[in-house]
There are 2 protein chains.
Amino acid sequence: MSSMSSTSVDASDLHANVALRLRDDDQRYTSGRRELVDLLVGADRPLTVAEVLERSDGLTQSSAYRNLNLLERAGVVLRVVTDDEFGRFELAEDLTGHHHHHLICTSCGLVEDFSVPDSIEDAVDAALHRVASRAGFSVDHHRMDLIGTCPACRSRSTAS
Amino acid sequence: MSSMSSTSVDASDLHANVALRLRDDDQRYTSGRRELVDLLVGADRPLTVAEVLERSDGLTQSSAYRNLNLLERAGVVLRVVTDDEFGRFELAEDLTGHHHHHLICTSCGLVEDFSVPDSIEDAVDAALHRVASRAGFSVDHHRMDLIGTCPACRSRSTAS
DNA sequence: ATTTATGCAAATCGTTTGCAAACCT
DNA sequence: AGGTTTGCAAACGATTTGCATAAAT
């Protein structure tokens with residue numbers, strides 16, 4: 001089943017893949033971890049721990065942190081860092097099949113997803129791998145983000 | 001002299017430009033701030049506050065933090081964030097005339113500079129501006145980093 | 001003189017951790 | 001049972017901040 005799917009991944013496949021990665025890391029797929037994954041699936045942008053807790057039922061702060069870290073180590077979740085004081089978490093791209101980048105607002109901290117044409121993506125990827133091999137780095141992934149001001153903050157600061 | 005320089009900037013010009021930006025922000029160019037700028041000029045990669053303090057003479061931790069923040073607000077310094085627990089600081093690119101990106105080692109936190117061909121840079125820039133205008137974001141700058149493992153950490157983990 | 005910058009020590013706050021109870025298998 | 005996960009509260013640590021002193025204009 002689902003052997004024909006190409007770019008998008010349905011929820012059951014996703015959970016199956018998460019379970020696999022956790023098993024590879026000798027970790028259990030507990031209900032709390034599943035809820036975390038579900039919350040991230042439902043979001044269209046990386047979430048802070050505070051946002052995760054707001055949206056969750058019984059999740060506890062310490063368990064959220066612990067399990068997000070554990071999921072990160074297992075390659076299920078990616079931590080997104082910005083200049084603001086909160087870490088953010090999203091599902092790993094190879095689980096969602098959705099390669100994307102971030103618009104980061106320096107004023108309010110908002111992080112929004114976007115993507116660019118494959119042609120650009122491929123050129124960047126090739127260039128980065130070239131650089132990496134020259135420097136002896138092994139590439140895990142790249143990030144290509146846009147730092148600026150979101151529409152809401154723009155208008156908010158347009159008093160004139 | 002130096003009126004003909006194109007891509008590189010000499011030290012006196014740089015300090016003059018820093019002074020200008022600070023004046024625009026109603027800030028003084030004190031000796032402590034000048035020392036911070038000199039330390040960053042001398043480094044070939046973003047520095048943590050700890051590294052700044054090691055390399056400095058009389059700089060104090062709180063003043064380093066305060067002044068790096070102030071220099072950031074004035075557009076003199078850029079804060080570089082990674083997954084590790086330390087903020088890093090470098091000179092703003094439009095002061096150094098050196099547009100670059102970062103190789104970030106997830107194992108030891110090392111951050112190294114690199115650059116890519118202008119053709120790639122231009123294509124990325126165009127694509128990002130397209131995305132930004134569609135989303136109503138105003139672009140401050142972009143970042144295009146490479147996350148992976150540095151040579152030292154690679155060999156360290158190659159026990160086999 | 002008055003404003004601004006500095007140094008020290010204390011406070012802040014997101015995140016991590018110790019430990020005992022609850023939960024698997 | 002034996003090991004793991006959870007929740008609570010305490011600890012941690014990078015960064016920020018209050019306040020008194022030292023510059024700077």
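Residues B:Asp38 and B:Arg55 are not paired through a salt bridge, judged by the lack of any N-O separation under 4.0 Å between the basic side chain and the carboxylate. Ion pairing between a basic and an acidic side chain is recognised when a charged N comes within 4.0 Å of a carboxylate O; B:Arg21 and B:Asp94 show such pairing.
Phosphate proximity of D:dT15 to B:Tyr65: present, with a side-chain N or O under 4.0 Å from OP1 or OP2. Note on B:Asn69: a side-chain N or O is less than 4.0 Å away from OP1 or OP2 of D:dT16. A:Arg28 has no side-chain polar atom (N or O) that falls below the 4.0 Å cut-off from OP1 or OP2 of C:dC23. Side-chain nitrogen and oxygen atoms of B:Thr60 include none within less than 4.0 Å of the OP1 or OP2 phosphate oxygen of C:dT6.
Scanning residues 79-90 of chain A for heavy-atom distances under 4.0 Å to DNA chain D yields an empty list.
Residue contacts shown for B:Thr30 are limited to sugar-phosphate atoms, with no base heavy atom under 4.0 Å away. Contact annotation for A:Gln61: base contact, defined as any heavy-atom pair under 4.0 Å involving a base atom. Contacts of B:Arg66 with the nucleic acid, taken as non-hydrogen atoms under 4.0 Å apart, include base atoms.
The aromatic rings of A:His100 and A:His98 sit parallel to each other, their planes meeting at less than 30°, with 60° as the upper class boundary.
Under the salt bridge (charged side-chain N to carboxylate O under 4.0 Å, His left out) criterion, B:Glu51 pairs with B:Arg45, sequence neighbours left out.
We find that CG of B:Asp26 is positioned 10 Å from P of C:dA5, with the value rounded to whole Å. The interatomic distance linking B:Arg33 (CZ) with C:dT6 (C1') rounds to 10 Å, in whole Å. Here the C1' atom of nucleotide D:dT4 and the CG atom of A:Leu22 are 14 Å apart, to the nearest Å.
Looking only at distances, a side-chain donor or acceptor of A:Glu35 sits under 3.5 Å from a matching main-chain atom of A:Asp57.
Note on B:Leu20 and B:Val37: separate hydrophobic clusters, where clusters join Ile, Leu, Val, Met, Phe, Trp and Tyr whose side-chain heavy atoms are under 4.5 Å apart, directly or indirectly.
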